[in-house]
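Start at 1 with the first residue, then count along the sequence. Only a predicted model underlies this, so the values are computations on that prediction, with no experimental measurement involved. For the numbers below, each heavy atom of this structure counts, side chains included, while hydrogens, waters and symmetry mates do not.
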Amino acid sequence: MSIVFHQPSREFHLFNNKISYIIKILPNDQLGQLYFGKRIHDREDFGYLFEAANRPMTSILQDYGFSLEHTRQEYPAYGTTDFRLPALEVLQENGSRLTDFKYESHRIFPGKPGLDGLPATYTEEDREADTLEVTLYDSLLDMKLILLYTIFAEEGAVARSARFENQCSASVQITRAMSLSIDLPDCDYDWIQFSGAWSRERQVKTRRLEQGIQAVSSARGHSSHNHNPFLVLKRPTADEFQGEAMGFSLIYSGNFLAQAEVDTYQVTRVMMGINPFAFSWKLEQGESFQTPEAVMVYSDHGLNGMSQTFHRLYRTRLARGMWRDRVRPVLLNNWEATYFDFDEEKLVNMARAAKEDGVELFVLDDGWFGERSSDSSGLGDWYANRDRLPGGIRGLSEKIEALGLKFGLWVELEMVNPDSELYRQHPDWALQTPGRTPSHGRNQLVLDFSRKEVVDHIYGMIAGILSESKVSYIKWDMNRSITECYSAAFPADRQGEIFHRYILGVYSLYERLIGSFPEILFESCASGGARFDAGMLYYAPQCWTSDDSDAVERIRIQYGTSFGYPVVSMGAHVSAVPNHQLGRVTSIETRGNVAMFGAFGYELDLQRLSQEEREKVRKQIKFMKQYREVIQFGTFYRLQSPFEHNIAAWMVVSEDRRTAIVGYYKILNDVNCEFRRLKLKGLDEDLKYHVKEKGSWFYGDELMNTGLVTTDSSSGQPMPEEVCSDFWSRLYVLKAEE
C-alpha cells in the first residue's frame, strides 16, 4: 500500500517514489493539510508540521492556540473562525450556512473507483493506484462528506473529489462544492494561467502570486476559449527543466473556478471545482452529490516534468476505448474548402484527390442535414439533405469507402436553430427564461440537455444515421455559450442545477454513443478550443485545438495547450493560404511542420494546389505515417517558448529514446543573426544519433549539452540550407545508429 494511517498521530501519508501527501486529523476532528511535495520518508508522527499560534484578532474554537483562520486545512468551511473562502457551503432550512464536518471513519483500498455520470481517471489493475476514502460527518445536519484521494503508483499525481450524502429528513441546498482545496505553507510561486479568446486560446500568462485572490473561471456553460480549467504554480527559479512546479487540472467541461487565495501570513489556498456562481444543488433525504474530479501533479523537474506526467496520465488513464493507443488517421476536412457550397459529386472528387495523396479519412463538415444552406437554419434536424446528398449519408459513406478511405461526419448535437423542424415542434426544448427575450449566438439556441427526453431524442436521430452508414469518425462541435439558463422541466428551487445538469446530459449522450458505436473515433470541438478540457478527453481522445488554423498562431496555441494536454489530443490541420482567419501566407512546409505535432490532417481542397504543392503534401503524409507513433505517443519537450522568443522549438522522443523529432520555428526573419544552438532533451547520452538534415551524427550528450547548431542563412554566411524567410521552419529527425 502507498497509503498509511498512523493511528497515534492520526495522520495519513500518501506516497510513492515521487511524491508525498500528508493529512492530519486536527484537534477539532476536521482535516488538516501538512505537506504536498517531493517524496519524504515515512514516520509515525509528522506533528511538527502542524503549526498554530495565538494571534491578535483571532477567533478561537477551543483555546487561543487553535484557530481555523491560521490552520492549513483539507476541505475548509467558512464561518467558524476561518474567514477565507471555503471549499463547501450548505444552505439549510433555517437559513444557516454553517457546517461542522468531523472525521468519522476512513478506508484504504487498492485501485480507483469510478464517478457515476462523470469523467475521471481510472486504473486497469488495482496495483496501479491506491485510494483513501475519508468520511466526515456533521451531526447537526445528519449529513456525510466523503473525500476521495487516489495516488497513482508510478506518477507524481493525486486525484481528488468529494461526495455529499444527505441522511436528514430535511432538504438542503449545496451552494459551493469544490473538487480540490489545498493550503500551501507559503506563497513564493509564479501563477501560470492559460487564457485567450476565440482563435487565440490557451495563451501562457504568468505573474507572481500576491496577497489576495487570483482566479480564472467560466460562467459560460462550458470551460471556454477565455480561460482553461488548468493552472500551474511554479517556484520563481523553476523553468522548463528544473525546479518545483505544481499543476492543477479539473476533469470537467462546464462552469469552473480555479483560484489561489494568499492570506496576510503568506499561506496559499488553492481551490478548483464547479463555479459557485449561479450554482446550487438541492439534496433531499437519501440523495448524494458528487463533485467532478481534479488532479494535482507535483514535479521537481520543472514544467516539462509536470506536463509529461499529465500527458502520460491523460493519454493512457483518462482517454479510453479502442482509439486510446492507436495512431490517428491522416484526415481531410472539407469545411474551409467548401463551407456550405458542396454536393455529392464535389465531395467525392475531393476525396478521390485526397486518396491519391495518401489521406486516410475524409470528413464531411457542416451543411449535410435538414434545410441547411447557411448557419441560420437546420440545426436539430439530423437527417440528410437529399438535394445535396441523393443517397444520404449512407450512400456517400459507401462511395467514400469504395475509394479506399474512411468516412467522418460533423455534428452539433447540443444546438437548435429557431428555423428548424425540431424547434417548431418543441420550442420548450431550448434553454430560455420565461418572459425574457432569448439571446442568439450563431443564429442558434442551446438545447436543454438537462432533460432526458431531449437527450433521448437527439440520440435516436444520430444513432439512426450511424447505424445505417459507414461512419468511422465524428467531429462533435459546440458553437454557442449558454445564456438564459432556465429549464422548463425543473422547479424554481432547482434552477441552480441546470448548468451542471446540462453538462451531465452531454456526458450521458457521449457515453451512449460510445457504447453503441465503440469503433468510432470522436473528436470534440467547440468553435475550436472552447471546450478543450480534461473532461472531454474521457469521451473524445482528441479535440479541435482552435478554429485558427494559421501556422504561426498555432505555434503559440499548441505550445500553451501542451502544458496540460498530450500532443495526440490536439487536432491540427494544414489549411489553405491566404489563411481564412488572418489572411497570412505561410509556406506549405511550415504549415505542415506545425500541424505534424498533433492529430494531423488537411483543411483544404487538394485539387486547387499546384503539382509542386501536391508533391509536398504527399511527402508530408508519408513522413507523418512513418513517424506519427513517435510524435503522438512519445515524450514531449518544450524547448523554447514563442511567448518569449522569436524562435520557438519543441521535440518528441520515442520511448526507447532511439528516435526523436525536433520542430524548429522562426516567426520573423532577422538579418546578420547571431550563431545559434538549440540544446535538446530526453536523448540517451551514450547513443550516436544521425541527424538527417545535418548529414552527420552526434552523441546524445553533445546534442543535449553543446546543442544542435541551428544557425541559418540569415547569418550572412553561405549555408547549404535553403534561404530563410519569415515564418520559416524545419523538422530535424534524429535516429540512433544501430
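- Under a cutoff of 6.0 Å and an axis angle of 45°, Arg584 and Phe727 form a cation-pi pair.
- Residues passing the ring-ring contact (aromatic ring centres under 6.0 Å, His included) test with Phe15, sequence neighbours excluded: His13.
- Remark: Phe623 engages Tyr627 in a ring-ring contact (aromatic ring centres under 6.0 Å, His included) (not counting sequence neighbours).
- Under 4.0 Å is where a charged nitrogen must lie from a carboxylate oxygen, and between Arg657 and Glu655 no such pair does.
- Applying the salt bridge (charged side-chain N to carboxylate O under 4.0 Å, His left out) criterion to Arg315, with sequence neighbours excluded, gives no partner residue.
- Contacts of Glu11 classified as salt bridge (charged side-chain N to carboxylate O under 4.0 Å, His left out), with partners at least two apart in sequence or in another chain: Lys24.
- The closest side-chain heavy-atom distance from Met651 to Leu639 is below 4.5 Å.
- In this structure, the ring of Phe310 has its center less than 6.0 angstrom from the ring center of Phe230.
- Sequence neighbours left out, the pairs with a member in residues 257-273 that pass side-chain hydrogen bond (donor to acceptor under 3.5 Å, both in side chains) are Asp82-Arg269, Asp183-Arg269, Gln211-Gln266.
- In this structure, the salt bridge (charged side-chain N to carboxylate O under 4.0 Å, His left out) partners of Arg531, at least two apart in sequence or on a different chain, are Glu414.
- Legend: residues meeting ring-ring contact (aromatic ring centres under 6.0 Å, His included) with Phe248, ordered by chain and number and at least two apart, are absent.
- Partners of Tyr664 by ring-ring contact (aromatic ring centres under 6.0 Å, His included), not counting sequence neighbours: none found.
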Which atom pairs, donor and acceptor, lie under 3.5 Å between side-chain atoms of residues 695-707 and protein residues at least two apart or in another chain?
| unit_1 | atom_1 | unit_2 | atom_2 | d |
| --- | --- | --- | --- | --- |
| Glu702 | OE2 | Tyr699 | N | 2.7 |
| Asn705 | ND2 | Asp701 | O | 2.9 |
| Thr706 | OG1 | Glu702 | O | 2.6 |

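- Geometrically, Arg320 engages Tyr538 in a cation-pi contact, judged by NZ or CZ lying under 6.0 Å from the ring centre and within 45° of the ring axis.
- Environment of NZ in Lys679: sparse, with no more than 12 heavy atoms of neighbouring residues, nucleotides or ligands closer than 6.0 Å.
- In terms of the salt bridge (charged side-chain N to carboxylate O under 4.0 Å, His left out) criterion, residue partners of Lys234 (sequence neighbours excluded) are, by chain and number, Asp190.
- A side-chain hydrogen bond (donor to acceptor under 3.5 Å, both in side chains) check over residues 561-572, counting only residues at least two apart or in different chains, returns the pairs Arg202-Thr561, Asn228-Tyr565, Ser562-Arg638.
- Legend: residues meeting side-chain contact (heavy atoms from CB on, under 4.5 Å) with Gln581, ordered by chain and number and at least two apart, are Trp198, Ser199, Glu336, Asp548, Ser549, Asn579.
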